[in-house]
Novice: 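Input: one structure, supplied below.
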Amino acid sequence: MKNTINWNFDNSYSRLSNAFKEHIEPVPVKKPELVLMNQDLANELNLDFSKIDKNELSALFTGNILPKESNTIAQAYAGHQFGHFTMLGDGRAVLIGEHLTNNNKRYDIQFKGSGKTAFSRNGDGRAALGPMLREYIISEAMHNLNIPSTRSLAVAKTGEEIIRDTSLQGAILTRVASSHIRVGTFQYIAARDKKDELEILLDYVVKRHYPDLINLKNKALELLKTVINRQIDLVVNWMRVGFIHGVMNTDNMTISGETIDYGPCAFMDTYDPKTVFSSIDQKGRYAYCNQPIITKWNLSRFAECLIPLIDKNQDNAIKIATEAINSFEKKYEEKWINMMRDKLGLFGLENEDKFLILDLLTWMHQKKADYTNTFCHLMDLTKKKNKLFDDINFMNWKKRWKERSLKNNDSPKKSLALMKHNNPLVIPRNHKVEEALKAAEKNDFKLINKLMEILKDPYTQKDDILDYQIPSNLDEKYKTFCGT
Ligand code: AMP
Ligand code: MG
């Protein structure tokens, strides 16, 4: 294939020693068929697929033909899955290489669902169409909500059946990420107990993601602090839009601070802190309200990996790392409350803010109010009248909010602008996602394309979004599945 596409590979991870990965190619598929392609992302990556015909594109996005300069690997990693440590790795994914954009920004290009690797354990290395489309929809929605995320460049069907509870269509997602290095990558290398390998990983990560830290005295500690901040920012963003990741295992937490692995994730409609959608999360470990706590738990596992590099004296290293980890609550609380202030259009800091925010959340919980739409109502951007908001307690709360809004702020316009920037009008509602996936299973991609169009610009009021603002009626019984 001629390089009219403008691939510009520089595969730095594949140059690391074999402790970090296995060299393996995607397993060819029977009948490739490209079904979704993300033109906006292709443009951002300076990739041009316009001169390639559909058959060749289909072969490309299933790995049946590989770009000349790719160097395909499966990455090794470990992870705490629901609290239990396991050696994992890319069991159904292959990194085809790192593409550099015209501005020298580096992106992993990865196929998910590309066949067995050394890390497949008992799995078939494949992925089903529904979950790959789901990841495409939600990851792009997250990106458009201004939340750091891996991206989705394409989905192609393999023409093969895969066996789960039933027989399903196979598919491959092309995932794009600033890297796929996870907390679990550090756990894998730390478990091998070779300090030189750990040093190599630290240097690699700092150079690739946080070059500002290169010359600092204690790089390991600085990296820990930086990742703590990134992850706090990320989880605060999730809380802002009501996103529930669903499977926050340490192998699903990136060092870059991007949301990764859209398995059983979903957005909350009715406000309930205990909301959990994942069918396998029976104890609610990864429920909405637990996400910050689990983030801290995962960061503690990351800190443990770095101990040998933080200080030669282990006791000292533990003390320093613990201090860093213990800064989590205060930082989180501060960022969370500021995020909620933004959602309410409040400037400045007032002691009463925390109570104002908590009282609203309590009211929403008691009245089973829709999380997203309550903020739309406060922005006066709901076309449909909802009697719920005539409730006397809500009216009283609103009075307090209005009074508070007048402090530190000379312009209601500025308040509204702040709110509009932080409160999405549309999110991927569960029933809308399901409806689109159902049609796509039958080869009708109209609903997915429409949904993607709506989710492209979630903060702007438009005529055709009304249907996408209605809360899902699946709420109480809705369950999501992972790894399918
Ligand atoms: P996930 O739930 O997608 O985060 O995956 C957890 C681990 O299971 C990772 O190591 C995956 O590579 C592996 N895995 C998930 N599905 C499969 C599959 N169908 N075949 C092989 N490995 C898989
Ligand atoms: Mg994963």
Novice: For residues Gln169 and Lys157, is any side-chain donor paired with an opposing acceptor at under 3.5 Å?
Specialist: yes
Novice: Examine the side chains of His23 and Thr72 and answer whether a donor and an acceptor come within less than 3.5 Å of each other.
Specialist: no
Novice: Got Ser120 and Arg92 here, is their nearest side-chain heavy-atom distance under 4.5 Å?
Specialist: no
Novice: Please check if the number of heavy atoms outside His421 that lie under 6.0 Å from its NE2 is greater than 12.
Specialist: no
Novice: Please check if the distance between the ring centroids of Tyr286 and Phe82 is under 6.0 Å.
Specialist: yes
Novice: Are the charged groups of Glu135 and Arg175 less than 4.0 angstrom apart, N to O?
Specialist: yes
Novice: Please lay out, stage by stage, how Phe85 and Gln187 fare under the test side-chain contact (heavy atoms from CB on, under 4.5 Å).
Specialist: CA-CA 9 Å; Phe85 185 75; Gln187 289 182 292; 3.9 Å; yes
Novice: With a 4.0 Å cut-off, would you call Glu441 and Lys438 a salt bridge?
Specialist: no
Novice: Do Thr101 and Asn103 pair up side chain to side chain, a donor and an acceptor below 3.5 Å, judged on atom types alone?
Specialist: no
Novice: Is there a donor in the side chain of Glu222 and an acceptor in the side chain of Tyr210, or the other way round, less than 3.5 Å apart?
Specialist: no
Novice: As a quick check of understanding, evaluate side-chain contact (heavy atoms from CB on, under 4.5 Å) for His245 and Thr259, giving each step before the final call.
Specialist: CA-CA 8 Å; His245 183 284; Thr259 312; 4.2 Å; yes
Novice: Could you check whether any side-chain N or O of Asp108 sits under 3.5 Å from a backbone N or O of His180, counting only pairs where one atom can act as donor and the other as acceptor?
Specialist: yes
Novice: Flag yes if more than 12 heavy atoms outside Asn215 fall under 6.0 Å of its CG atom; otherwise flag no.
Specialist: no
Novice: Taking the basic N atoms (NZ, or NE/NH1/NH2) and the acidic carboxylate oxygens, is any pair closer than 4.0 Å for Asp90 and Lys112?
Specialist: no
Novice: Is it true that, when you exclude Asp196 itself, more than 12 heavy atoms of the residues, nucleotides or ligands shown sit nearer than 6.0 Å to its CG?
Specialist: yes
Novice: Report the residue from Leu57, Asp48, Leu60, Leu45 that forms a side chain to side chain contact (heavy atoms under 4.5 Å, CB included) with Ile5.
Specialist: Leu60
Novice: Could you check if a side-chain atom of Tyr136 sits within less than 4.5 angstrom of a side-chain atom of Met452, using non-hydrogen atoms only?
Specialist: yes
Novice: Determine, step by step, whether Tyr204 and Tyr13 satisfy the ring pair (Phe, Tyr, Trp, His ring centres under 6.0 Å) criterion, reporting the C-alpha distance in whole Å, the side-chain angles of both residues, the deciding distance to 0.1 Å, and the verdict.
Specialist: CA-CA 9 Å; Tyr204 180 89; Tyr13 207 86; 5.3 Å; yes
Novice: Does any part of the side chain of Val426, heavy atoms only, come nearer than 4.5 Å to the side chain of Gln469, both counted from C-beta?
Specialist: yes
Novice: Around atom NZ of Lys335, are there more than 12 heavy atoms from other residues, nucleotides or ligands closer than 6.0 Å?
Specialist: yes
Novice: Can a side-chain donor-acceptor contact be found between Asn18 and Lys21 if the only test is distance below 3.5 angstrom?
Specialist: yes
Novice: Is the backbone N or O of Ile214 less than 3.5 Å from a side-chain atom of Lys207, with the two atoms forming a donor-acceptor pair by type?
Specialist: no
Novice: Parallel under 30°, tilted from 30 to 60°, perpendicular over 60°: which one fits the rings of Phe328 and Tyr332?
Specialist: parallel
Novice: For Glu33 and Ser58, test the side chains for any donor-to-acceptor distance below 3.5 angstrom and give the result as yes or no.
Specialist: no
Novice: Would you check if Leu145 and Asn237 make a side-chain contact, meaning some heavy-atom pair closer than 4.5 Å?
Specialist: no
Novice: Measuring only between side-chain heavy atoms, which start at C-beta, is Leu223 closer than 4.5 Å to Phe186?
Specialist: yes
Novice: Would you say that Ile260 contacts Met253 through its side chain, given a criterion of any heavy-atom pair below 4.5 Å between the two side chains?
Specialist: no
Novice: Is any side-chain N of the basic residue among Glu199 and Lys194 closer than 4.0 Å to the acidic one's carboxylate O?
Specialist: no
Novice: Considering only NZ, NE, NH1 and NH2 on the basic side and carboxylate oxygens on the acidic side, decide whether Lys446 and Asp444 come within less than 4.0 Å.
Specialist: yes
Novice: Between Arg301 and Asp251, is there a side-chain N and carboxylate O pair less than 4.0 Å apart?
Specialist: no
Novice: With distance as the sole test, does Ser279 use its side chain to make a donor-acceptor pair with the main-chain N or O of Thr480 at under 3.5 Å?
Specialist: yes
Novice: Do the side-chain N and O atoms of Lys343 and Asn338 include a donor-acceptor pair separated by under 3.5 angstrom?
Specialist: no
Novice: For Asp124, is there an ion pair with Arg164 - N to carboxylate O distance below 4.0 angstrom?
Specialist: yes
Novice: Pick one: which of Val227, Thr250, Val183 meets side chain to side chain contact (heavy atoms under 4.5 Å, CB included) with Leu299?
Specialist: Val227
Novice: Compute whether any side-chain donor of one residue and acceptor of the other, for Asn11 and Asn71, lie under 3.5 angstrom apart.
Specialist: no
Novice: Walk me through it: do Lys450 and Phe445 pass the test side-chain contact (heavy atoms from CB on, under 4.5 Å)?
Specialist: CA-CA 9 Å; Lys450 177 75 189 165; Phe445 288 83; over 6 Å; no
Novice: Please check: side-chain N/O of Asn6 versus main-chain N/O of Asn46, any donor-acceptor pairing under 3.5 Å?
Specialist: yes
Novice: Met142 versus Tyr262: any side-chain heavy-atom pair under 4.5 Å?
Specialist: yes
Novice: Heavy-atom count check: over 12 atoms from other residues, nucleotides or ligands less than 6.0 Å from Lys296 NZ?
Specialist: yes
Novice: If the threshold is 4.0 Å, N to carboxylate O, is there a salt bridge linking Arg230 and Glu258?
Specialist: no
Novice: Going through the checks in order, is the salt bridge (charged side-chain N to carboxylate O under 4.0 Å, His left out) test met by Arg151 and Glu44?
Specialist: CA-CA 11 Å; Arg151 307 281 308 270; Glu44 282 175 46; 3.3 Å; yes
Novice: Would Arg285 and Trp297 count as a cation-pi pair here, with the cationic atom under 6.0 angstrom from the ring centre and within 45° of the axis?
Specialist: yes
Novice: Would a 4.5 Å heavy-atom cut-off, applied to side chains only, mark Glu25 and Leu66 as touching?
Specialist: yes
Novice: Has Lys54 got more than 12 heavy atoms of other residues, nucleotides or ligands less than 6.0 Å from its NZ?
Specialist: yes
Novice: Show, in sequence, the C-alpha distance, side-chain angles and deciding distance for Leu36 and Leu133, and conclude whether the side-chain contact (heavy atoms from CB on, under 4.5 Å) test is met.
Specialist: CA-CA 8 Å; Leu36 280 183; Leu133 293 173; 3.6 Å; yes
Novice: Any salt bridge linking Arg106 with Glu98? Criterion: basic side-chain nitrogen under 4.0 Å from a carboxylate oxygen.
Specialist: yes
Novice: Is the distance from the ring center of Tyr77 to that of Phe20 below 6.0 Å?
Specialist: no
Novice: Counting N and O atoms only, with roles assigned by atom type, does the side chain of Asn8 sit under 3.5 Å from a partner on the main chain of His99, one being a donor and the other an acceptor?
Specialist: no
